[in-house]
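Sequence positions, counted from 1, serve as the residue numbers for this chain. Keep in mind that what you see is a predicted model, and the values were worked out from it rather than measured.
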Amino acid sequence: MLEARVNVEIPDYMGKVKSISRKALATTIRETAVNIMKNILEYEFPAYVSTSSYITTGEMVNTVMFRVSGDTLVIYIDGGALSAMPYDAANHEFGIHEGVSGQDFRHELPGVLNDGGGGIVPHKGRKFMDTAFDQYQVILIELLAQELAAAGFEVSTG
């Protein structure tokens, strides 16, 4: 009896793709996603623009936070990172990032600015989260494709 055996080593392509993707998510993609959100917030809420009743602080850009865990990247706005200053009774000035009754409004503020709301000065939301997500869908996919191509994978996007 004549017998032949062949051992074929099959590379772990999926493991390599996952490893490259996770590394890109924790570095290049995360950094780009945070910068996109900061640029949008800097444009939408610049510092020291004043109206008859308000002067913007420009602090929204400093509230962009992230969490990376495995295959998940979360970009979020932490209203608690905004400053707070109570009502100034001597000068009859409203407090910074507080409601008209003196309640801390920092945590709710990003949502109200994004979605819009009523209250004393009703306004349309700026939809900055939607704007960021639209950019993420294009830019972050391209970044991942570049990382995979740099590792020797044939990649196409479209």
Start with the C-alpha gap between M65 and I75, add the side-chain angles, then the distance that decides, and say whether side-chain contact (heavy atoms from CB on, under 4.5 Å) holds. CA-CA 6 Å; M65 305 292 171; I75 304 293; over 6 Å; no
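- Shown here is Y76, whose OH atom has more than 12 heavy atoms of other residues, nucleotides or ligands within 6.0 Å.
- For OH of Y43, the number of neighbouring non-hydrogen atoms (other residues, nucleotides, ligands) closer than 6.0 Å is 12 at most.
- Rounded to the nearest 0.5 Å, atoms CG (L140) and CZ (R30) are 12.0 Å apart.
- Using modelled atom types, no side-chain atom of R22 and backbone atom of K18 make a donor-acceptor pair closer than 3.5 Å.
- Looking at every heavy atom in both residues, V155 comes nearest to A149 through CG2-N, 3.9 Å.
- Taking each heavy atom of V68 and L25 in turn, the nearest pair found is CG2-O, 4.3 Å.
- Checking side-chain atoms of S19 against main-chain N and O of G15 turns up no donor-acceptor pair under 3.5 Å.
- No continuous path of ILVMFWY side-chain contacts below 4.5 Å connects Y136 to V74, so the two sit in separate hydrophobic clusters.
- To the nearest 0.5 Å, atom OG1 of residue T63 and atom CG of residue D78 are 7.0 Å apart.
- Under the rule for a side-chain contact (heavy atoms from CB on, under 4.5 Å), the partners of Q135 that lie at least two apart in sequence or sit in another chain are I36, I40, T131, I139.
- The closest donor-acceptor contact from the side chain of T32 to the backbone of I29 lies at 3.5 Å or more, if one exists at all.
- Taken from CG in L148 to CG in L143, the straight-line distance is 11.0 Å, to the nearest 0.5 Å.
- Closest heavy-atom contact between S21 and L144: OG-CD1, 3.6 Å.
- Rounding to the nearest 0.5 Å places CE of M60 at 10.0 Å from CZ of R126.
- Distance check, rounded to the nearest 0.5 Å: CG of N62 to CD of E59 gives 7.0 Å.
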List the steps, then state whether side-chain contact (heavy atoms from CB on, under 4.5 Å) holds for V61 with F45. CA-CA 8 Å; V61 73; F45 308 104; over 6 Å; no
Expected list for residues 103-115: side-chain donor-acceptor pairs under 3.5 angstrom, two or more places apart:
{"residue": "Q103", "atom": "OE1", "partner": "S101", "partner atom": "N", "Å": "3.2"}
{"residue": "D104", "atom": "OD1", "partner": "R106", "partner atom": "N", "Å": "3.0"}
{"residue": "D104", "atom": "OD1", "partner": "R106", "partner atom": "NE", "Å": "3.0"}
{"residue": "D104", "atom": "OD2", "partner": "R106", "partner atom": "NE", "Å": "3.2"}
{"residue": "D104", "atom": "OD2", "partner": "R106", "partner atom": "NH2", "Å": "2.8"}
{"residue": "R106", "atom": "NH1", "partner": "G80", "partner atom": "O", "Å": "3.3"}
{"residue": "R106", "atom": "NH1", "partner": "L82", "partner atom": "O", "Å": "3.1"}
{"residue": "N114", "atom": "OD1", "partner": "F128", "partner atom": "N", "Å": "2.9"}
{"residue": "N114", "atom": "OD1", "partner": "M129", "partner atom": "N", "Å": "3.0"}

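- Between the side chain of T27 and the main chain of K23, a donor-acceptor pair closer than 3.5 Å is present.
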